[in-house]
Peer 1: 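One structure, pasted below without further comment.
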Amino acid sequence: MELEDINTVAVLGAGNMGHGIAEVAALAGYDVTMRDIKEEFVQNGYDQIEWSLGKLAEKDQIGEDAADDALDRITPLVDVEEAVGDADIVIEAVPEKMDIKKEVYGEVEEYAPDGAIFATNTSSLSVTELSEVTDRPEQFCGMHFFNPPVRMQLVEVISGAHSSEETLEVVEELAESMDKTPVRVHRDEPGFIVNRILVPLMNEAAWLVHEGESTTAEVDSTTKFGMGLPMGTFELGDQVGNDVSYHVLEYMHEVLGDAYEPCPLLAEKVDEGHLGKKTGKGFYDYEDGPGAEIPTDQQSELVEKRLLASMANEIAKLIDGDVATPDSIDEAVTLGAGFPDGPVKLVDEYGLDDLLETLEDAHEETDHDRYAPADYLEDRAGEGGFRESGGDEDAGADFEAIRVEYPGDKVGHVVVDRPHRMNTISNDVLTELSEAVDLLEADDEVRAILLTGEGDRAFSAGADVQSMAAGGGDPLEAVELSKEGQRTFGKLEACDMPVVAGIDGYCLGGGMELATCADIRVASERSELGQPELNLGLIPGWGGTQRLKHIVGEGRAKEIILTAERYDAETMEAYGFVNEVTENDALLERAHELAADLAAGPPIAHRFTKRAMLAGRDDTDAGLELEAAAFGHLMGTEDLMEGLTAFMGDGEPEFEGK
């Protein structure tokens, strides 16, 4: 089967995951049958889809016609034969119980076409064991969406022992057609990638509290504000459901051994019915209390070491067991769990030697299997990290938070490469962007810079709030963060080459301040721009209060900053901030074309033009002085003669920068 052969998707289960997957499939243009065991269940799922599509249309993320068309493509059903009889792929999303799933597949096998692919949305159960209930194990694999499927980018595509490569490739293509990012899990092990990292992490946090080595407040303060993760560990457990984490741990314990023994504290929460947000109480009280109020200043070095050590041990087992590569682990966890950086990068940067020692000491002290270091962790600690040289194999050329590409035409293309975080600007982005400007300015083959964000959702949605919060609200650290951003953005603005910003999607806050440093800005029709900092009680801190007024005028700059409103691309074009608005699909091509046109121009004249304009921004006399000196300097260049000769001969000049 090929992707073109898939027209009808059957989704089994109309709960949160089931109706979410059905909505995603319908939005991608597939006909969808959504089945559950009772009419009330399937109707509730259908109603949830209708509500969700309405919200997407209300927020202008899709058109009203697109919402109506997607809903029309979904048929809610109870009868199994009717639901799967014409299906090209069956995606099962029933409760996470092995016996329930097996029973479903036994029934579905009877009615589904012989060529149909079966894909289970299990988050941790054995894909191989489920496939063996059917007569088509080679046409069976895991297709694990993350909640909520409409918003979450990741889909883990899991290879069972019998899954054919053809099946896996088609399911990956199907995920991409749904605008998702598939990450291959090469071997069927409990938890796959994301849950294999997160669930033992939550279990270790519970053990630390249970054994009196830490408190809930210290754990969550450390993970959220010290390590910069999206949530505190117990906050995350409450969000996921403590029963869900506990049952995954039980399965891991059964299959993988005592290293995954569930902490008694977690079992106690489940026994008490304190499952988290869904029951109103978990590790935090969501009914009578304020919920997860996490202190910013109770970080613990012990907690950080233990949690990172746990993470490193699981990473070692995943890589050594051929479950996933370091890159796949980082991509999956950043997309599926919202980590600002991948776990491999986190533990490599902390130092595997220290984390190995932490495990060895804890193992000696407690004799618990969860602290037994994996052999591969010991091997890689001796080599300096899971990646060669701690993930920076070619210092000065390879980056983590950005990419530098060379698309031709003397253009250096800088991509803010954090789509899982809406390309928000972290400390790493600032550091690497500064290095990239130096790198490109030193390259004689580059004459212009093109700046974009990865994907079509955001050029950059602003500062990475998690990175900022990691400072615990320290005013001095905030001042340093502001100054670092000002220095980096100032370097980009002042670089000798023309800079073109290709804006696609959200361009907000620090992202708009970044775009302000470009010489020319081209935006897609779907882009939204603005400086919303005042809504947070802040001000633009990376030069926005100074640069914007020189582009749109002081009155418009005050309007944009003080109202904290979002503006569409056409309005910002009318205000003079955006030079050109393009169709969505044409943005990258047009932005590159503009950069290439500038790169073909005279580099020495570009350099002096930018310098004169920058010098004269607040001091016209200084700008005029530099302009006159530059004019005289250019009179003696070979580029001038090349330009004059081409002009007289009605040809195109080829400037050499001489």
Side-chain angles (χ1 to χ4, degrees), residues 59-61 151 153 224-225 228-231 334 338-341 401-402 414-434 451-471 473 477-490 492-493 501-518 521 523-524 526-548 551-552 557 559-569 571-572 575 577-578:
K59 295 178 180 178
D60 293 326
Q61 294 179 0
R151 290 210 318 265
Q153 192 71 18
K224 189 167 187 174
F225 299 111
L229 303 189
M231 289 185 175
T334 52
F339 277 34
D341 290 308
I402 68 170
V414 178
V415 185
V416 182
D417 191 16
R418 307 180 79 226
H420 57 289
R421 303 285 289 178
M422 300 290 280
N423 298 323
T424 48
I425 298 168
S426 63
N427 291 326
D428 285 345
V429 171
L430 293 175
T431 299
E432 293 182 6
L433 181 59
S434 177
L451 180 64
T452 65
E454 176 61 23
D456 58 11
R457 297 177 65 205
F459 170 77
S460 171
D464 186 333
V465 177
Q466 292 298 138
S467 293
M468 294 173 66
E477 290 193 23
V479 169
E480 285 306 310
L481 177 63
S482 176
K483 288 183 176 180
E484 182 181 356
Q486 290 171 355
R487 285 191 293 268
T488 297
F489 287 10
L492 178 67
E493 180 185 43
I503 299 167
D504 196 10
Y506 295 119
C507 179
L508 303 172
M512 184 166 163
E513 291 180 282
L514 175 60
T516 304
C517 297
R521 288 161 289 279
S524 64
R526 63 182 156 224
S527 296
E528 290 186 32
L529 303 92
Q531 300 283 175
E533 288 89 347
L534 267 72
N535 283 337
L536 303 175
L538 292 170
I539 67 170
W542 288 334
T545 62
Q546 303 303 304
R547 294 190 180 96
L548 185 58
I551 299 172
V552 300
E559 174 195 336
I560 292 166
I561 294 172
L562 294 177
T563 66
E565 296 285 350
R566 295 186 184 186
Y567 299 82
D568 59 36
T571 299
M572 293 303 278
Y575 284 7
F577 184 80
V578 170

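Just so you know, these numbers use all the heavy atoms, side chains as well, and skip hydrogens, waters and symmetry mates.
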Peer 1: Which atom pair, heavy atoms only, marks the closest approach of Gly511 to Cys507?
Peer 2: O-SG, 3.8 Å
Peer 1: Return the minimal non-hydrogen interatomic distance between Glu533 and Ile539, and the atom names on each side.
Peer 2: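 It is CB-C, 3.7 Å.
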Peer 1: Under the rule for side chain to side chain donor-acceptor pair (under 3.5 Å), what residues qualify as partners of Glu493, not counting sequence neighbours?
Peer 2: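 Glu493 satisfies side chain to side chain donor-acceptor pair (under 3.5 Å) with Arg547, Arg617 only.
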Peer 1: To the nearest 0.5 Å, tell me how far Leu538 CG sits from Ser482 OG.
Peer 2: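 These two atoms lie 10.5 Å from each other.
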Peer 1: Does Thr424 use its side chain to pair, donor to acceptor, with the backbone of Ala463 at less than 3.5 Å?
Peer 2: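 Side chain of Thr424 to backbone of Ala463: no pair is present.
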Peer 1: CZ of Arg487 to CH2 of Trp542: how many Å apart, nearest 0.5 Å?
Peer 2: 12.5 Å
Peer 1: Mind checking whether Leu492 and Leu451 have side chains closer than 4.5 Å, heavy atoms only?
Peer 2: yes
Peer 1: Using 0.5 Å steps for rounding, measure from the CG atom of Leu430 to the OG1 atom of Thr488.
Peer 2: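 Leu430 CG to Thr488 OG1: 5.0 Å, rounded to 0.5 Å.
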Peer 1: Atom OG1 of Thr545 and atom CD of Gln531: how far apart are they, to the nearest 0.5 Å?
Peer 2: 9.5 Å
Peer 1: If I take atom CG from residue Asp341 and atom OG from residue Ser426, how far apart are they, to the nearest 0.5 angstrom?
Peer 2: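 Asp341 CG to Ser426 OG: 6.5 Å, rounded to 0.5 Å.
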Peer 1: Before accepting this row, confirm whether a basic side-chain N of the pair Arg418/Asp428 lies closer than 4.0 Å to the acidic partner's carboxylate O.
Peer 2: no
Peer 1: With a 4.5 Å heavy-atom cut-off, do Phe459 and Leu508 have their side chains touching?
Peer 2: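 No - every pair of side-chain heavy atoms lies 4.5 Å or more apart.
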Peer 1: I need the Ile425 CD1 to Leu433 CG distance, nearest 0.5 Å.
Peer 2: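 Between Ile425 CD1 and Leu433 CG, I get 8.0 Å after rounding to 0.5 Å.
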Peer 1: Could you tell me which residues satisfy ring-ring contact (aromatic ring centres under 6.0 Å, His included) with Phe339, sequence neighbours excluded, listed by chain and number?
Peer 2: none
Peer 1: Taking all non-hydrogen atoms of both residues, which atom of Gly509 and which atom of Pro532 are closest, and how far apart?
Peer 2: N-CD, 3.4 Å
Peer 1: Only counting residues at least two apart or in another chain, list the ones meeting side chain to side chain donor-acceptor pair (under 3.5 Å) with Gln61.
Peer 2: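 None.
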Peer 1: Might you point out which heavy atoms bring Ser524 and Ala569 nearest each other, and give the distance in Å?
Peer 2: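 The pair with the smallest heavy-atom distance is O-CB, 3.4 Å.
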Peer 1: With distance as the sole test, does Ser460 use its side chain to make a donor-acceptor pair with the main-chain N or O of Asn423 at under 3.5 Å?
Peer 2: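 Yes; at least one donor-acceptor contact below 3.5 Å.
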Peer 1: Within a strict 4.5 Å, meaning less than it, do heavy atoms of the Gln546 and Gln486 side chains meet?
Peer 2: no
Peer 1: Would the distance check show the side chain of Arg521 and the main-chain N or O of Ala515 forming a donor-acceptor pair, the cut-off being under 3.5 Å?
Peer 2: yes
Peer 1: Using side-chain contact (heavy atoms from CB on, under 4.5 Å) as the criterion, list what pairs up with Leu562, not counting sequence neighbours.
Peer 2: Leu534, Lys558
Peer 1: Can you run down the salt bridge (charged side-chain N to carboxylate O under 4.0 Å, His left out) pairs that involve residues 503-518, sequence neighbours left out, and say none if there aren't any?
Peer 2: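 Counting only pairs at least two positions apart or across chains, the salt bridge (charged side-chain N to carboxylate O under 4.0 Å, His left out) contacts touching residues 503-518 are Asp504-Arg526.
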Peer 1: Run the salt bridge (Lys or Arg N to Asp or Glu O under 4.0 Å) test against Glu528 and tell me which residues pass, sequence neighbours left out.
Peer 2: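 Salt bridge (Lys or Arg N to Asp or Glu O under 4.0 Å) list for Glu528, sorted by chain: Arg566.
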Peer 1: Taking the ring centre of each residue, are Tyr567 and Phe577 less than 6.0 Å apart?
Peer 2: no
Peer 1: Can you see which heavy atom on Arg421 is nearest to which on Pro230, and at what distance?
Peer 2: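 Closest heavy-atom pair between Arg421 and Pro230: NH1-CG, 4.1 Å.
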